Amino acid sequence: MKQQASILMETTDTSDLHKSSTVTLRMVPQVLLAQEVTDCMQSGLRTTVQLNTKIFYPKSENKPPLFCTDQLKDVDFSEDKCNFYAENCAIELSENSKTYTIKSMVNEDSIVNLKITQTAPAFQVGTDGKTYFGTDLEAPWGTMRHAFWPRNKCEGSIVTKDGPINFNGNGLFIYAIQGMKPHHAAAKWKFADFQGPNYSAIMMEFITPPSYGSTVVTVGGVVKDGEIITAGSSCTASHSKVKDDPENDWPEPEEVTFEWKGKTEDGKDVEAVLEGPLNEKIDRIDVMFHVPGFVKKIVAGAAGTKPYIYQVRSILLLRPSI
């Protein structure tokens, strides 16, 4: 079973806030992906925890992303399982359950001191935020759970060898439990995170492998400070234009369309659209970089997956209709 907490944080440039958005990842002008992953072997014999940070620099600096990943030692949790501790690392939830602090001195290339505080309510879809796999809901073959803090105030910095980077701005926090093998859970994923001066809109879509009928599962929400405007599964994500990536024969997205539909708490219809070109690819991650090519082909054929992750930045306009 894999437990994962991910935070997207960005500094803000107020001259661009009226039109800035995220498609997969956002950068105005700096963005951070911080991720803590707990992997429990099904045999129960071993638990591993990895802390990942990835900093995307402004285009003007012409620097590659700074990615740091470290296995943590002496792992422990608080009695209520809300706080996490390891050697030179702590992730703690405040008493009012509205703020997480993340501190790490595990890697001298990425010394972390961050705080993320809810400015809009959290949400999950359904009674427990879970997706069930199998024919028996009482005894599913596998499950995944996702919960979201869609709009947050972010504070703090990361100290790199080039000096400290300020990450005061807006952010998204995602909590996920993956109770199954990743290539059985989904063959494709899409993510969007829009953080504007008045609204935040997030979306996650995954498509199951052919063994589960290539089923499309989408969850998302539109919020503002102090209020969930709408949240649920009535949203869609599509690559409206793609091109062939010559290095891996994968359809690389060039343009996207994300659409949210739902109702407010008092029953009013809500629609929002985020669409446009993906102007700049800032990274393409080959998940199986160290695996021989023939093994990648076997995995793609057996599970219907090609493990590449495209991370892009773009300036788009969210068009809400409430």
Side-chain angles (χ1 to χ4, degrees), residues 1-8 22-26 33 35 37-39 52 122-135 137 140-150 172-194 201-222 230-240 242 245 248 250-253 255-262 274-275 278 283-288 296 299-312:
M1 178 178 291
K2 183 174 289 186
Q3 179 171 297
Q4 177 173 303
S6 300
I7 300 172
L8 294 179
T22 300
V23 179
T24 306
L25 289 179
R26 176 173 182 242
L33 169 61
Q35 186 177 62
V37 181
T38 304
D39 194 351
N52 302 328
F123 76 85
Q124 61 186 17
V125 174
T127 57
D128 55 10
K130 287 185 178 180
T131 303
Y132 294 90
F133 290 72
T135 57
L137 292 179
W141 182 85
T143 64
M144 290 194 293
R145 183 188 177 212
H146 294 91
F148 306 89
W149 290 13
L172 161 68
F173 173 81
I174 303 174
Y175 170 80
I177 294 180
Q178 186 172 284
M180 55 196 302
K181 297 177 181 179
H183 62 282
H184 288 167
K188 297 180 182 179
W189 295 83
K190 300 184 186 80
F191 292 90
D193 171 28
F194 175 91
I202 68 168
M203 191 183 301
M204 177 194 75
E205 178 196 273
F206 63 89
I207 302 175
T208 65
S211 57
Y212 281 97
S214 299
T215 304
V216 179
V217 179
T218 311
V219 298
V222 180
T230 189
S233 57
S234 299
C235 40
T236 60
S238 62
H239 295 160
S240 47
V242 298
D245 187 332
N248 59 16
W250 185 246
E252 178 182 347
E255 295 185 9
V256 293
T257 301
F258 296 95
E259 296 182 87
W260 292 261
K261 292 184 179 181
L274 181 69
E275 61 182 347
L278 305 179
D283 205 0
R284 181 190 59 211
I285 301 170
D286 184 348
V287 178
M288 303 180 70
K296 294 181 186 179
V299 172
T305 61
K306 292 185 178 181
Y308 292 93
I309 301 172
Y310 290 91
Q311 296 177 321
V312 303

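All figures in this text were calculated on a predicted structure; none of them were measured in a lab.
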Out of curiosity, [X] [atom1] to [Y] [atom2], how far, rounded to the nearest 0.5 Å?
X      : Y      : atom1 : atom2 : answer
Gln311 : Arg284 : CD    : CZ    : 12.0 Å
Asp193 : Phe258 : CG    : CZ    : 10.5 Å
Glu252 : His239 : CD    : NE2   : 10.0 Å

State, with a plain yes or no, whether a side-chain heavy atom of [X] is found less than 4.5 Å away from one of [Y].
X      : Y      : answer
Ser238 : Thr257 : yes
Trp250 : Tyr310 : yes
Phe133 : His184 : no

Can you see which heavy atom on [X] is nearest to which on [Y], and at what distance?
X      : Y      : result
Ala185 : Met144 : CB-SD, 3.7 Å
Ile207 : Lys190 : CD1-NZ, 4.3 Å
Thr236 : Met203 : O-SD, 3.3 Å
Ala237 : Glu205 : O-OE1, 3.2 Å

Open item on the list: I'd like to check the ring-ring contact (aromatic ring centres under 6.0 Å, His included) partners of Trp260; sequence neighbours left out, ordered by chain and number.
Closed with: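 Listed in chain order: nothing, the list is empty.
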
TODO: Sequence neighbours left out, what passes ring-ring contact (aromatic ring centres under 6.0 Å, His included) with Trp189? Give chain and number order.
DONE: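 Only Phe191, Phe206 meet the ring-ring contact (aromatic ring centres under 6.0 Å, His included) criterion with Trp189.
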
Open item on the list: Determine whether a donor-acceptor pair (N or O, by modelled atom type, separation under 3.5 Å) exists between the side chain of Arg145 and the backbone of Asp128.
Closed with: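 The answer is yes, because a donor-acceptor pair under 3.5 Å joins these two groups.
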
- [ ] For Val125 and His146, run side chain to side chain contact (heavy atoms under 4.5 Å, CB included): C-alpha distance rounded to whole Å, both residues' side-chain angles, the deciding distance at 0.1 Å, then the answer.
- [x] CA-CA 8 Å; Val125 174; His146 294 91; over 6 Å; no

- [ ] Would you list the pairs meeting side-chain hydrogen bond (donor to acceptor under 3.5 Å, both in side chains) in which at least one residue belongs to residues 206-215, sequence neighbours left out?
- [x]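 Of all non-adjacent pairs touching residues 206-215, none passes side-chain hydrogen bond (donor to acceptor under 3.5 Å, both in side chains).
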
